[in-house]
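Working notes, beginning with the structure itself.
Side chains are part of it too, since the values below use all heavy atoms of this structure and drop only hydrogens, waters and symmetry mates. Position 1 is the first residue of the sequence; numbering continues from there. Keep in mind it's a predicted model, so treat the numbers as computed, not measured.
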Amino acid sequence: MTPTTLYPLVIALLVGGASASAVAQEEQHRQAFADAMMVCNAHALFQHLYAQGKRVPELPTAADYKALAYQAGGQAYVEARLESRAVRDEAMKQLEAQLNTQPYDGLTEEARERHMTATWSRLLTTCNERAAAGAKSAATPK
């Protein structure tokens with residue numbers, strides 16, 4: 001092989017490697033977005049349980065996070081993650097961090113309810129913003 005015949009081969013290998021890297025990075029972004037949407041879905045479910053199935057007018061309406069997760073990550077990826085405790089545990093960790101921004105024990109019942117509503121509102125607003133931004137938003141830290 002002469003250098004002139006190797007040149008196109010080298011270019012093809014470099015371009016192929018770069019496109020494979022871009023595909024892998026895009027897949028990582030889609031999976032990260034699917035992970036975020038699964039956690040958001042857990043938040044929405046926890047809030048629904050907390051409110052005993054009643055609609056709280058002060059809270060934003062949750063997007064269809066589960067559908068967005070399936071769309072971004074695919075059925076096999078999402079179902080495998082949902083079967084583990086990791087999604088629920090991450091959602092609980094985030095909820096606890098938000099609740100612990102204010103001492104809960106010294107609050108009146110009314111103040112506790114306001115604090116809970118504000119916490120759910122922050123979580124659901126953040127989730128709705130991420131859902132609206134789409135999979136590209138998963139590349140940025142929360």
Residues passing the side chain to side chain donor-acceptor pair (under 3.5 Å) test with Thr119, sequence neighbours excluded, are Arg122
The criterion is side chain to side chain contact (heavy atoms under 4.5 Å, CB included); which residues satisfy it with Ala111, sequence neighbours excluded? Leu107, Thr108, Arg114
Checking Trp120 against Thr125 for the side-chain contact (heavy atoms from CB on, under 4.5 Å) test, could you report, in this order, the C-alpha distance in whole Å, the side-chain angles of both residues, the deciding distance, and whether it holds? CA-CA 8 Å; Trp120 289 121; Thr125 297; over 6 Å; no
Measure across Tyr65 and Cys127 and return the closest heavy-atom pair with its distance rounded to 0.1 Å. OH-CB, 3.4 Å
So the salt bridge (charged side-chain N to carboxylate O under 4.0 Å, His left out) pairs with at least one residue in residues 66-80 (sequence neighbours excluded) are none
To the nearest 0.5 Å, atom CD of Gln31 lies from atom CD of Glu26 at 11.0 Å
Please list, one pair per line, the donor and acceptor atoms closer than 3.5 Å that link side chains of residues 54-64 to other protein atoms, with sequence neighbours excluded.
unit_1 : atom_1 : unit_2 : atom_2 : d
Arg55  : NH1    : Leu59  : O      : 3.0
Arg55  : NH2    : Leu59  : O      : 3.0
Arg55  : NH2    : Thr61  : OG1    : 3.2
Asp64  : OD1    : Ala67  : N      : 3.2

Which pair of non-hydrogen atoms, one from Ala86 and one from Arg81, has the smallest distance, and what is that distance? CB-NH1, 3.7 Å
Check whether any side-chain N or O of Ser121 sits under 3.5 Å from a backbone N or O of Thr117 as a donor-acceptor pair, and report yes or no. no
Separation of Leu95 CG from Lys93 NZ (nearest 0.5 Å): 13.0 Å
Once rounded to the nearest 0.5 Å, what's the spacing between atom CG of Leu123 and atom SG of Cys40? 8.5 Å
Please, which pairs that meet side-chain hydrogen bond (donor to acceptor under 3.5 Å, both in side chains) have at least one residue in residues 36-49, sequence neighbours excluded? His43-Gln94
My understanding is that a hydrophobic cluster links ILVMFWY residues whose side chain heavy atoms are under 4.5 Å apart, including indirect links. Using that, what else belongs to the cluster containing Tyr77? Met38, Val39, Tyr70, Val78, Leu82, Val87
How many angstroms lie between atom OG1 of Thr101 and atom NE2 of His115, to the nearest 0.5 angstrom? 4.5 Å
Heavy-atom distance under 4.5 Å between the side chains of Phe33 and Met37, does that happen here? yes
Smallest heavy-atom separation, Leu68 atom then Ala131 atom, equals CD1-CB, 3.5 Å
